[in-house]
Amino acid sequence: MEKTEKLEKPGKLEKSEISRLEEEGDLAADYLEVLLDIADLPGDIDIDVENGRAALAIEGGELAHLIGEEGEVLEALQELTRMAVQQNTGDRSRLMLDIEGFRDKKKSALRVLAQERAEEVKSTGESITLAPMNAFERKVIHDTIGELGLASESEGEEPNRCVVILPAS
Amino acid sequence: MIDEALEHLIKGIVDNPTEVAVAEKNGRRGLTYEVRVHPEDIGKVIGRNGRTAKALRTVASALARRPIRVDLLEADE
């Protein structure tokens with residue numbers, strides 16, 4: 001099972017870990033760059049290391065169809081890219097892919113949602129179950145709730161896994 | 001272009017990339033891509049609960065800008 005929801009410890013990464021993540025980023029960028037070439041789509045790929053993961057961001061201006069209405073194409077492409085990296089390195093990859101800033105925008109909207117619902121839980125003292133979300137979305141919610149001093153957990157099975165915001169005990 | 005894109009996406013995730021072949025078929029059920037991989041790789045391209053097969057179809061349909069079928073088969077069938 002994926003452990004994408006566990007909280008990451010911020011702080012300094014070992015040098016060897018950084019170079020491993022940079023290698024992941026390079027392999028992922030190669031895989032994606034050839035795909036863009038084949039599809040004749042313009043796109044610049046930015047490679048970074050963020051929160052202990054390789055992070056790739058593609059900007060091209062004409063890539064909305066590679067995101068999909070709900071980000072489903074982006075998720076699919078990220079999954080395939082992780083597999084391609086793993087095929088090369090032999091290690092499971094947790095790289096994050098973004099296209100045209102979709103995840104950044106989504107993240108802001110989810111943070112607002114988490115804050116609003118957390119206020120509700122604080123004032124009523126009762127837990128709230130949110131709508132089903134994917135792993136990325138749940139992680140944003142868990143992180144925001146944690147920052148607000150409340151606890152949250154995930155319930156149910158994919159694709160109906162939901163975050164439950166718990167009142168302070 | 002879709003056949004080439006699928007070939008690239010799949011070659012990157014299998015143990016036997018030289019044995020990946022993609023054929024385009026336009027039949028009654030619309031545009032279909034028949035993908036053949038080495039028998040050892042079939043599990044990989046289908047994935048747990050068909051997750052990888054679904055990802056391939058999602059990306060290929062996005063590139064084609066319309067829904068397409070992707071059939072995954074073992075080579076030498």
Side-chain angles (χ1 to χ4, degrees), chain A residues 1-2 4 24 26-43 56 58 60 62-93 95 97 99-100 102 134-136 157-161, chain B residues 1-24 30-75:
Chain A
M1 284 306 290
E2 277 185 312
T4 42
E24 264 195 27
D26 287 340
L27 289 167
D30 288 346
Y31 186 69
L32 292 164
E33 203 162 289
V34 174
L35 181 70
L36 292 176
D37 278 350
I38 291 170
D40 201 19
L41 292 167
L56 289 101
I58 312 179
E62 297 170 25
L63 302 175
H65 62 303
L66 290 189
I67 299 168
E69 269 176 49
E70 303 283 334
E72 70 283 359
V73 184
L74 173 61
E75 294 293 338
L77 201 51
Q78 175 178 281
E79 176 70 16
L80 293 170
T81 307
R82 285 179 173 183
M83 288 182 71
V85 169
Q86 181 177 0
Q87 185 66 28
N88 261 282
T89 62
D91 293 319
R92 198 175 169 84
S93 168
L95 71 86
L97 175 64
I99 297 178
E100 314 278 29
F102 176 82
N134 68 31
F136 161 73
E157 295 298 315
E158 300 276 9
N160 294 312
R161 207 160 158 76
Chain B
M1 177 272 274
I2 306 300
D3 50 350
E4 241 186 297
L6 271 172
E7 192 177 310
H8 166 67
L9 288 171
I10 295 166
K11 278 187 170 175
I13 62 171
V14 295
D15 294 328
N16 305 279
T18 55
E19 293 187 45
V20 175
V22 181
E24 185 180 306
L31 198 53
T32 300
Y33 290 87
E34 246 180 41
V35 177
R36 286 174 197 276
V37 299
H38 190 282
E40 283 171 11
D41 288 322
I42 193 73
K44 217 168 204 171
V45 294
I46 292 171
R48 188 159 38 92
N49 300 325
R51 190 179 157 126
T52 310
K54 186 169 176 236
L56 288 166
R57 190 176 63 238
T58 300
V59 173
S61 294
L63 288 170
R65 296 173 195 263
R66 62 182 155 148
I68 55 168
R69 280 173 56 99
V70 177
D71 289 342
L72 301 168
L73 306 163
E74 289 180 23

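Throughout, protein chains are lettered first and strands after them, A, B, ... in sequence-line order, and every chain is numbered starting at 1.
Options B:Arg65, B:Glu4, B:Lys11 differ in how many heavy-atom pairs under 4.5 Å they form with chain A, and the most are formed by B:Arg65. Taking B:Val14, B:Leu56, B:Asn49, B:Ile2 one by one and counting their heavy-atom pairs under 4.5 Å with chain A, the maximum is reached by B:Val14.
Considering CG of A:Leu66 and CG of B:Leu63, their distance stands at 5.5 Å, rounded to 0.5 Å. Once rounded to the nearest 0.5 Å, the distance linking CG of A:Leu80 with OG1 of B:Thr58 reads 9.0 Å. Put simply, CG on A:Leu41 and CE on B:Met1 are 6.5 Å apart, with the number rounded to the nearest 0.5 Å.
Closest approach of B:Ala62 to A:Val73, counting heavy atoms only: CB-CG1, 3.6 Å. Closest approach of B:Ile13 and A:Gln87 over heavy atoms only: O-OE1, 3.2 Å.
Heavy atoms from other residues, nucleotides or ligands lying under 6.0 Å from NZ of B:Lys44 number more than 12.
No donor-acceptor pair closer than 3.5 Å links the side chain of A:His65 to the backbone N or O of B:Ser61.
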For B:Thr52 and A:Met83, what are the C-alpha separation, side-chain angles and deciding distance, and is it a side-chain contact (heavy atoms from CB on, under 4.5 Å)? CA-CA 9 Å; B:Thr52 310; A:Met83 288 182 71; 3.6 Å; yes
